[in-house]
Amino acid sequence: MLIMVSSTFDQRVFSLVSRVPKGKVTTYGEVARALGMRSPRAVGQALKRNDRPISIPCHRVIMSDGRIGGYMGCERSGRKARLLGKEWVTVKNGKIDLRRYFFRLKGA
DNA sequence: GCCATGGCTAGTA
DNA sequence: GCCATGGCTAGTA
C-alpha cells in the first residue's frame with residue numbers, strides 16, 4: 001500500500017466512506033462535516049466519480065432526510081436500495097430510518 | 001479567473 | 001440557496 005502524501009478531495013471522500021460499516025449508513029452532509037467542508041453537494045459529485053463501487057460503498061451514503069439519493073447516475077434504478085437490503089438496512093416508504101442506521105463519522 | 005453543475009440541505013409554510 | 005469542483009476561456013508574456 002502506497003503512502004498518500006497529498007490526498008485529493010475525491011480520495012478523502014472515498015476513504016471516509018469506506019469506514020461506514022455494513023448495516024449502517026451515513027449522509028452526504030455528514031461526510032462533508034467530517035471533512036470540515038460545507039458542501040454536501042461536492043460530496044455527491046465526488047461519489048459519482050467513484051470508479052470502484054464495490055470496494056467503496058457509496059450506496060451507504062444517503063440524504064439527510066432519509067431518502068435514498070442517487071447512485072451510479074440513476075436514482076430510481078433500485079440498485080442502491082437492493083444493495084442496502086442485502087445488508088439488512090430496510091427502506092420503508094422510500095425512506096431509511098436514520099435514528100436506527102445512522103453511522104457517525106469521526107472527523108478527518 | 002469565470003461559470004455551470006449537481007448523487008444536497010436547513011428551515012419555512 | 002449554497003458552495004467545491006472541474007472544464008474552459010480570454011488575455012498576458
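Please read these numbers as outputs of a predicted model, since none were measured by experiment. Hydrogens, waters and symmetry mates are skipped; everything else that's a heavy atom, side chains included, is used.
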When you compare the protein's N or O atoms with those of nucleotides 11-13 of chain B, which come within less than 3.5 Å of each other, and at what distance?
none

TODO: Take nucleotides 3-8 of chain B nucleotide by nucleotide from the 5' end and write B, S or -, depending on whether a protein heavy atom sits under 4.0 Å from the base, only from the sugar-phosphate, or from neither.
DONE: --BBBB
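Contact annotation: the side chain of A:Met37 approaches that of A:Phe9 to within less than 4.5 Å [non-hydrogen atoms, C-beta and beyond]. Side chains of A:Thr26 and A:Phe102 form a contact here, defined as non-hydrogen atoms less than 4.5 Å apart.
Although no hydrogens or angles enter the test, the distance criterion places no donor-acceptor pair under 3.5 Å between the side chain of A:Arg104 and the main chain of A:Glu30. Using modelled atom types, one side-chain atom of A:Asp65 and one backbone atom of A:Arg67 make a donor-acceptor pair closer than 3.5 Å. Between the side chain of A:Asn50 and the main chain of A:Cys58, no donor-acceptor pair closer than 3.5 Å is present.
One finds the NZ atom of A:Lys24 at 10.5 Å from the CG atom of A:Leu98 (value rounded to the nearest 0.5 Å). With values rounded to the nearest 0.5 angstrom, A:Leu47 atom CG is found 6.5 Å from A:Phe14 atom CZ. For the atom pair CG of A:Asp97 and NZ of A:Lys92, the computed distance is 8.5 Å after rounding to the nearest 0.5 Å.
Between A:Glu30 atom CD and B:dT9 atom P the separation is 11 Å, expressed in whole Å.
Taking all atoms of both residues into account, the shortest heavy-atom contact from A:Arg60 to A:Val20 is NH1-O, 2.8 Å. Smallest separation of non-hydrogen atoms from A:His59 and A:Lys80: O-CE, 3.4 Å.
When base pairs are accepted only as Watson-Crick or G-U wobble with both N-N or N-O distances under 3.5 Å, DNA chain B takes part in stems of 3 or more pairs at B:1-6 with C:3-8.
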